[in-house]
Amino acid sequence: MKQIKTFLGLVTLLLLFSCSVSTEFFIQNLTSSKQTVTINFRKNIFSNLKNGDDIRVGFTYENRIVKPGEFRKSKNLKYMEKAVVNESITFEIPANSTLRIEKSDNFDLKSTVKNVKINDKKYLIEDLFKKAEKIKYNYIYKIEES
């Protein structure tokens, strides 16, 4: 009986340690004009792509302000036009829209992104997380009129 309890305890611990949490990071442009955003990665994540490959992973947007749950259910998501240079990617977020810049497990965004520049103002990724609204495991950074 003691062996069974020990075995069940170990299985429970292994299950708890192997859990991962899906995390998404959004930027909402609440302004009436498009906003330029540049994401600087810690390393060149695009180097494995062959010429002609499209970088679409994680860079979709909804042309309105939505919460994460609505974003995931949306059938109107569009792929963001972007420019890639070495470790950076730049795009323009349309006015009054929601952009998902990352979908990862266990807050992996912090380990891949060095900083984010919004209209020439640079933010460390840790600072964006602090300023973002947290909804469950998702984060929403809001660009507002100044």
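Just so it is clear, the model here is predicted, and its values are computed rather than measured.
The hydrophobic cluster containing Ile125 also contains Ile27, counting ILVMFWY residues as joined when their side-chain heavy atoms lie under 4.5 angstrom apart, directly or transitively. Taken together through direct or relayed side-chain contacts under 4.5 Å among Ile, Leu, Val, Met, Phe, Trp and Tyr, Phe91 and Phe26 form parts of separate hydrophobic clusters. The hydrophobic clustering, which links ILVMFWY residues whose side-chain heavy atoms are closer than 4.5 Å, places Ile140 and Ile39 apart.
Counting all heavy atoms, side chain and backbone alike, Ser32 lies closest to Ala95 at C-CB, 3.4 Å. Closest approach of Asn29 and Ile93 over heavy atoms only: ND2-O, 3.1 Å. Across all non-hydrogen atoms, the minimal contact from Thr60 to Phe71 is O-CZ, 3.4 Å. Among all heavy-atom pairs drawn from Lys136 and Lys134, the shortest one is O-CE, 2.9 Å. The minimum heavy-atom distance between Ser33 and Thr31, with the atom names listed, is O-OG1, 2.8 Å. The shortest non-hydrogen separation linking Asn63 to Pro94 is OD1-CB, 3.9 Å.
Atom CD of Glu92 is separated from atom CE of Met80 by 9.0 Å, given to the nearest 0.5 angstrom. Glu62 CD to Ser97 OG: the interatomic distance, rounded to the nearest 0.5 Å, is 9.0 Å. Summarising the geometry, atom OG1 belonging to Thr38 is positioned 10.0 Å from atom NZ belonging to Lys122; distances are rounded to the nearest 0.5 Å. Atom CG in Asn119 sits 4.0 Å away from atom CD in Gln35 (nearest 0.5 Å). The structure places CG of Asn138 at 12.0 Å from NZ of Lys67, a figure rounded to the nearest 0.5 Å.
When Thr98, Val66, Leu99 are each tested for a side chain to side chain contact (heavy atoms under 4.5 Å, CB included) with Tyr61, only one passes: Leu99.
Counted within 6.0 Å of CD on Gln3, heavy atoms from surrounding residues, nucleotides or ligands total 12 or fewer; the atom is thus considered open. The local environment of NZ in Lys78 is crowded, with over 12 non-hydrogen atoms from other residues, nucleotides or ligands closer than 6.0 Å.
Between the side chains of Asn40 and Ser88, at least one donor N or O sits under 3.5 Å from an acceptor N or O.
Counting heavy atoms from C-beta outward, Tyr141 and Ile118 have side chains that approach closer than 4.5 Å.
Arg72 and Glu24 are joined by a salt bridge, as a carboxylate oxygen and a charged side-chain nitrogen come within less than 4.0 angstrom of each other.
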Derivation of the side-chain contact (heavy atoms from CB on, under 4.5 Å) call for Leu128 and Phe25: CA-CA 10 Å; Leu128 276 187; Phe25 192 88; 4.0 Å; yes

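By the 30° and 60° cut-offs, the orientation of the rings of Tyr139 relative to Phe129 is perpendicular.
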